[in-house]
2 protein chains.
Amino acid sequence: MAQTQPQERLIGALLRIAFQATVERVRERLADAGYTDLTMAHFSVFQHLPPGGARVTTLAMKAQITKQSMSALVEHLERQGYLERRPDPGDRRASVVDLTARGEALVQVARGAIEELEREWAEHLGDERMEQLRSTLRDLARLIEQQQGTAP
Amino acid sequence: MAQTQPQERLIGALLRIAFQATVERVRERLADAGYTDLTMAHFSVFQHLPPGGARVTTLAMKAQITKQSMSALVEHLERQGYLERRPDPGDRRASVVDLTARGEALVQVARGAIEELEREWAEHLGDERMEQLRSTLRDLARLIEQQQGTAP
DNA sequence: CAGATTGGTCAGTCTAGCTTACTATATAGT
DNA sequence: ACTATATAGTAAGCTAGACTGACCAATCTG
């Protein structure tokens with residue numbers, strides 16, 4: 001929540017602009033590559049899916065939505081062939097959600113899109129400022145995650 | 001779209017974490033101050049509302065949603081007393097949406113929340129890196145907005 | 001082994017988007 | 001001056017994706 005026009009835009013607005021640019025780029029490149037059946041909401045599934053897969057409940061916690069909502073998203077992506085569920089060998093209540101080959105391919109396209117944008121930014125800012133940006137954001141991410149861990 | 005755990009998190013993920021932290025802080029402080037009737041979607045109205053107000057269609061364009069959707073959001077916020085519409089003197093088709101006093105107060109709380117977070121970050125990073133971050137993000141915002149202006 | 005916790009589903013609701021279709025006013029091109 | 005087109009906004013109806021509450025089955029714990 002900030003002003004658009006005037007003098008000093010707050011950090012919130014600036015972060016939003018940069019973040020949304022990355023989202024837009026990913027959407028474009030995915031569309032170019034023929035992945036037209038994906039929405040913003042699905043991103044949060046892939047974003048939090050570690051190599052080896054994860055349970056629905058875990059994904060839901062990381063994405064900060066209910067397990068019911070995550071379950072619906074996963075179901076959709078499973079029907080489209082990006083994910084698969086297999087029973088969890090160690091717990092008969094649970095199942096593990098993981099990428100299919102098609103899902104892996106999609107994630108590669110998405111990563112490529114962000115790397116492309118990152119190169120463009122580096123060209124504009126220069127390598128040094130780009131590296132400063134990355135390292136500062138990494139520090140902030142660490143701070144934020146640490147606070148989230150202790151706060152609740 | 002990126003990985004969570006491993007080595008190098010892409011800039012997209014880092015920006016998302018920082019941006020969402022700002023959104024969370026604003027939500028918290030608004031809730032603390034008794035503004036409990038607001039959702040994420042309403043933020044995009046205030047975010048794009050310049051001093052002096054704007055038309056529904058203009059707001060919709062800036063927020064990248066349809067005018068019908070924006071119209072519904074504005075209607076809601078009008079009923080809650082944050083916004084008011086007055087006829088546009090120069091165009092009898094149009095009306096101008098603007099903040100009420102209650103709306104101004106809300107925006108001040110939101111700005112305060114971000115400034116608070118910004119101070120915390122400055123404390124963690126040091127003033128110099130904080131200022132570098134701000135200035136780099138400003139440069140990127142300019143780059144992005146310029147590209148959006150030329151691309152379509 | 002009884003009771004509490006955890007993984008997940010089912011059913012129902014709400015919000016915030018979308019499209020398509022429409023009215024009223026404004027602007028432009030003869 | 002008059003028609004054609006464009007623009008501001010509303011209306012109606014649909015869908016995706018979020019939520020809560022209730023529930024079942026498996027697991028863990030005292």
Side-chain angles (χ1 to χ4, degrees), chain A residues 1 20 23-24 27 30-31 35-50 52-80 82-98 152, chain B residues 1 20 23-24 27 30-31 35-50 52-80 82-98 152:
Chain A
M1 201 157 284
Q20 296 209 323
V23 172
E24 269 318 295
R27 284 162 88 77
L30 286 175
Y35 299 101
T36 54
D37 48 3
L38 291 157
T39 71
M40 273 300 298
H42 298 127
F43 285 25
S44 68
V45 182
F46 294 112
Q47 224 150 40
H48 297 287
L49 194 60
R55 297 179 182 179
V56 167
T57 307
T58 312
L59 289 173
M61 277 192 326
K62 290 200 208 173
Q64 314 219 64
I65 61 177
T66 60
K67 51 190 184 171
Q68 294 89 325
S69 300
M70 181 55 76
S71 186
L73 291 174
V74 166
E75 207 172 302
H76 198 225
L77 291 169
E78 201 179 5
R79 255 185 276 115
Q80 290 170 322
Y82 295 114
L83 300 179
E84 60 187 1
R85 296 190 219 207
R86 48 169 194 275
D88 185 324
D91 187 335
R92 269 184 300 164
R93 293 169 303 180
S95 55
V96 176
V97 179
D98 203 0
Chain B
M1 200 156 289
Q20 295 209 324
V23 172
E24 268 320 293
R27 283 161 88 76
L30 286 175
Y35 300 101
T36 53
D37 48 3
L38 291 157
T39 69
M40 272 299 300
H42 298 129
F43 286 24
S44 68
V45 182
F46 294 110
Q47 223 150 43
H48 296 288
L49 194 59
R55 298 180 180 178
V56 168
T57 307
T58 312
L59 290 174
M61 278 194 324
K62 290 201 208 171
Q64 314 220 63
I65 61 176
T66 61
K67 51 190 183 171
Q68 293 89 328
S69 300
M70 181 54 77
S71 186
L73 291 175
V74 166
E75 209 173 300
H76 199 227
L77 290 170
E78 201 180 5
R79 254 184 276 117
Q80 291 169 321
Y82 296 115
L83 299 179
E84 60 186 2
R85 297 189 218 207
R86 49 172 193 273
D88 186 323
D91 187 335
R92 271 184 299 166
R93 293 168 303 179
S95 56
V96 176
V97 179
D98 203 358

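Proteins come first, then strands; the chains are lettered A, B, ... in the order of their sequence lines, and each starts at number 1.
- Comparing D:dT27, D:dG9, D:dA18 by their nearest atom to the side chain of B:Val56 picks out D:dG9.
- Between the CD atom of A:Gln64 and the CG atom of A:Leu59 there is a distance of 13.0 Å, given to the nearest 0.5 Å.
- Considering only side-chain N and O atoms, B:Ser69 lies nowhere under 4.0 angstrom from the phosphate OP1 or OP2 of C:dA16.
- Contacts of A:Asp88 with the nucleic acid, taken as non-hydrogen atoms under 4.0 Å apart, are absent.
- Residue contacts for A:Ala72: at a heavy-atom cut-off of 4.0 Å it reaches no nucleic acid atom on any strand shown.
- The side chain of A:Thr39 places no N or O atom within less than 4.0 Å of a non-bridging phosphate oxygen (OP1 or OP2) of D:dA16.
- Nucleic acid contact class of A:Thr57 (heavy atoms, under 4.0 Å, all strands): sugar-phosphate only.
- A sub-4.0 Å separation between OP1 or OP2 of D:dT27 and a side-chain N or O of A:Arg93 is absent.
- An OP1 or OP2 oxygen of D:dG9 is reached within less than 4.0 angstrom by a side-chain nitrogen or oxygen of B:Ser95.
- Checking the phosphate oxygens (OP1, OP2) of C:dT9, a side-chain nitrogen or oxygen of A:Arg85 falls inside 4.0 Å.
- Comparing B:Thr58 and A:Arg92 along DNA chain D, the residue whose closest nucleotide (by nearest heavy atom) sits nearer the 5' end is B:Thr58.
- Between A:Gln68 and A:Gly90, the residue anchored nearer the 5' end of DNA chain D, judged by the nucleotide with its closest heavy atom, is A:Gln68.
- Counting heavy atoms from C-beta outward, B:Arg85 and B:Val56 have side chains that approach closer than 4.5 Å.
- Phosphate proximity of C:dG8 to A:Ser71: absent, as no side-chain N or O sits under 4.0 Å from OP1 or OP2.
- Within the 4.5 Å cutoff, no side-chain heavy atoms of A:Tyr82 are placed close to those of A:Val74.
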Notebook entry, point to check: Dot-bracket for DNA chain C: what is it, with Watson-Crick or G-U pairs under 3.5 Å, [ ] where a pair crosses earlier ones, and | for a pair to another strand?
Noted result: ||||||||||||||||||||||||||||||
